[in-house]
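Below: one structure, written as structure tokens.
Chain naming here is simple, since letters A, B, ... match the order of the sequence lines and numbering starts at 1 in each. In this text the structure is predicted, and so the values were computed from the model without any measurement.
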Amino acid sequence: MSALLEHLNPEQRAAVTLPHESALILAGAGSGKTRVLTTRMVWLIQSGQVSPHGILAVTFTNKAAKEMMTRISAMLPINTRGMWVGTFHGLANRLLRTHWREAGLPQSFQILDSADQLSAIKRLMKSLNIDTEKYEPKKVQRFINGHKEAGRRAKDAEAFDEYSMRLAEIFEAYDAQCQREGVADFTELLLRSYELLYRNEPLREHYRDRFKHILIDEFQDTNTLQYRWLKLFAGPHTALFAVGDDDQSIYAFRGANTANMAEFEREFAHGNVIKLEQNYRSHGHILTAANTLIAQNAHRLGKNLWTAEGEGEPIRVFDAYSDQDEASFVVDEVRALNREGVNLSDMALLYRSNAQSRVLEHALFSASVPYRVYGGLRFFERQEVKHALAYLRLLSNPEDDGAFLRVVNFPTRGIGARTLEQLADTAARSGASLWQAACTASGKVAGFAKLVEAIKQVVVDLPLAEAIDHVIEASGLADFYRADKDGADRLENLNELVNAAALFEESSGEEAEEKTLESFLAHAALEAGEHQAGLGHDALQLMTVHAAKGLEFHAVFITGLEESLFPHEQSANEENGLEEERRLMYVAITRARRRLYLSHAQSRMLHGQIRYGMPSRFLDELPEQVLLNLNRRSEPAPQPNYSAPRSPQPANDTGYKVGQSVAHAKFGTGIIIDFEGRGSDARVQVKFRNVGTKWLALAYANLSAV
DNA sequence: GCGTGACATTTTTTT
DNA sequence: AATGTCACGC
């Protein structure tokens, strides 16, 4: 027992050994949050206060859930089966699979991912003859999800004008369509299980009685519905242990409600708050920068990180001429660090938006620096995999019109839009599903129905992996991609799908979960899979700042630190948008253990045209004494290494050029973005930091170079 | 039913 | 710049 607590600091130990009551743990970046969470669970079990059966632990990502299970198994010799550890959605799914009848769902209900949901919405709107120009399907999707995430059904959606009333109608029709087809989108999993427990008192009491301890990771990311969902599970004898960091809340844009933390403190923790402020990750200067930056946010619970380590290196700031210049600077530094012995995989190249990776990738590729980009299309989201899964969905649940439409003419069987329209008509008239209508149809559609029926006959007795293999062959998917000259990768992915199914069958799920086709489909929907197969070799890590949350690296490069990029211009329109951007910057800074680079470019290719941006305000918000400006070296000329790729602007007779930083007595600092005239008529267009863009006559403006 | 070109669109992302 | 969507014609 004591060995368990030995390596914890006093605050961590206090958190781990809290008595059976609710508490809020404010855990700063790098303060050992996951460690506290997992150690607490082990401590509770080892000290006999609760059996694994009585614990519910919730995370946001599958990765975090797995990490937690791995750590617990390492600490606990006994088996951890019976513990409910998983994501909100995974646990909600588990609940609904167990109580499908009470929840009003078919036993083999399918899960729609975001893309499936969007196509379901499009299909619905088409059948209702709704103008998709006026009501964009994506906006409809956001409307529906937004309401569901706040715990509202269509009837509860506020609608005071014609537009929102129409949206609410679509919302209602969408839910009806899902119900008819036996499918549930991600948020529906949560809302439906919430409603299930809310309405079903015996069931609610059962779970409230069962779970003595509920532990929640990344609590700052919970949305309104998730918080309510948790509260339903909390009976009078349940202790809620919420771990979070309000300063790292960067998902408000997808519904995370930071107010949940303050609310939790009031409703449950009652002042039982422990702050973990000792950081074990970064050196002093890096933390000072992070602390100073985040202190400028007004809405905080308050927290200040400190470290027992020394100050360490200063933070290196680089002012590049262009995005390409910035990229080659990064390449040079990465190589130098790598030569010094830092693994490429221990360095991260961060940016605000995915579009920025292109230039960086290009430079890395040219310099033959191995790198790996995170983000993008994931395994179970690939079209060939989705096609195969759609066949499986149709086998499992014939009511699933979405799955039907996805595969009815893929590979092509000569069943076109017209035919399908007629089929949909027939189905609608008799209130039947497309599949049912197809079974009584003739011609090509009947052929398709026969094919699927035949597949079903064969597959019913086969183990999962073989069944999927058969589906891929018999459906014609394999032949289709074999015939396609660019189909090799896709074939390989289909093969990989069979492997994934085999792996899934072997894996030991919690509570002897049955390895059915249905559970595999749920697995595929809930765990979209790793982004791209990393080849395991040492590679520089490229990702957005969002994707870097929870990770740490020896060296971190934060690039593109320009106004309108980071902070992003869109954030200016959002309530508290700037504060969220600042938290994002805080997350980025605190990823670094030893070395941190901040860079910005004076010009950047964006959306096909050159943009001139001012350095990010976040750079000004950092304390100067921890910064090292790499541009202000004693050499008169810019560093030759870094200036190589830039094409110098031709000088003109005024001494000013486009892209140059200048200062004006009244307007402050800015950047020259255009130029016209010559001699005494010369005028420049300057984009000022604070007052916008202005044309100035050089003869009068009295600009000075910065 | 499918290929082609015009046209818009462009933050962040998990489940 | 690059990507996706959609209408149109074969």
Protein-nucleic acid N or O pairs under 3.5 Å, nucleotides 4-9 of chain B:
none

Is there a side-chain polar atom (N or O) of [X] under 4.0 Å from OP1 or OP2 of [N]?
X       : N       : value
N223(A) : dT15(B) : no
S114(A) : dT15(B) : no
N354(A) : dT11(B) : no

What class does the angle between the rings of H147(A) and F171(A) fall in, given that below 30° is parallel, 30 to 60° is tilted and above 60° is perpendicular?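 Judged by the thresholds at 30° and 60°, the geometry between H147(A) and F171(A) is parallel.
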Would you indicate what [X] reaches in the nucleic acid, counting non-hydrogen atoms under 4.0 angstrom: base, sugar-phosphate, or nothing?
X       : value
S571(A) : nothing
E218(A) : nothing
N62(A)  : sugar-phosphate
A92(A)  : nothing

How many whole angstroms separate atom [atom1] of [X] from atom [atom2] of [N]?
X       : N       : atom1 : atom2 : value
D323(A) : dA1(C)  : CG    : C1'   : 12 Å
I144(A) : dT15(B) : CD1   : P     : 22 Å
Y351(A) : dT12(B) : OH    : P     : 10 Å
Y251(A) : dT13(B) : OH    : C1'   : 5 Å
Q110(A) : dT15(B) : CD    : P     : 19 Å
K138(A) : dT12(B) : NZ    : P     : 12 Å
Q356(A) : dA2(C)  : CD    : P     : 16 Å
F253(A) : dT11(B) : CZ    : P     : 12 Å

If the threshold is 4.0 Å, N to carboxylate O, is there a salt bridge linking R153(A) and E188(A)?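 Salt bridge present between R153(A) and E188(A).
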For H546(A) and dT12(B), are the ring centres under 5.5 Å apart with planes inclined under 30°?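 Given the distance and angle limits, no, they do not stack.
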Scan the side chains in residues 564-577 of chain A for donor-acceptor partners under 3.5 Å anywhere in the protein, sequence neighbours excluded, and list what turns up.
from, atom 1, to, atom 2, distance (Å)
H568(A), ND1, Q570(A), N, 3.1
E569(A), OE2, R611(A), NH2, 3.4
S571(A), OG, H568(A), O, 2.5

Listed by chain and number, what are the ring pair (Phe, Tyr, Trp, His ring centres under 6.0 Å) partners of Y391(A), not counting sequence neighbours?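 Ring pair (Phe, Tyr, Trp, His ring centres under 6.0 Å) list for Y391(A), sorted by chain: empty.
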Judged by each residue's nearest nucleotide on DNA chain B, which is more toward the 5′ side, A355(A) or T87(A)?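 Nearest nucleotide further toward 5': that of A355(A).
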Need to verify one output field. Residue with the more 5' nearest nucleotide on DNA chain B, V545(A) or I415(A)?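 Result: I415(A).
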Let's go through R300(A) and D246(A) carefully: what are the C-alpha distance in whole Å and the side-chain angles of both, what is the deciding distance for salt bridge (Lys or Arg N to Asp or Glu O under 4.0 Å) to 0.1 Å, and is it a yes or a no? CA-CA 7 Å; R300(A) 294 183 68 212; D246(A) 55 317; 5.1 Å; no
Taking the six-membered ring for Trp and the single ring otherwise, decide whether the centroids of F448(A) and F404(A) are under 6.0 Å apart.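 Between F448(A) and F404(A), the centre distance is under 6.0 Å.
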For F379(A), does the six-membered ring have the charged nitrogen or CZ of R382(A) within the cation-pi criterion, i.e. under 6.0 angstrom from the centroid and within 45° of the normal?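 No, a cation-pi geometry is absent between R382(A) and F379(A).
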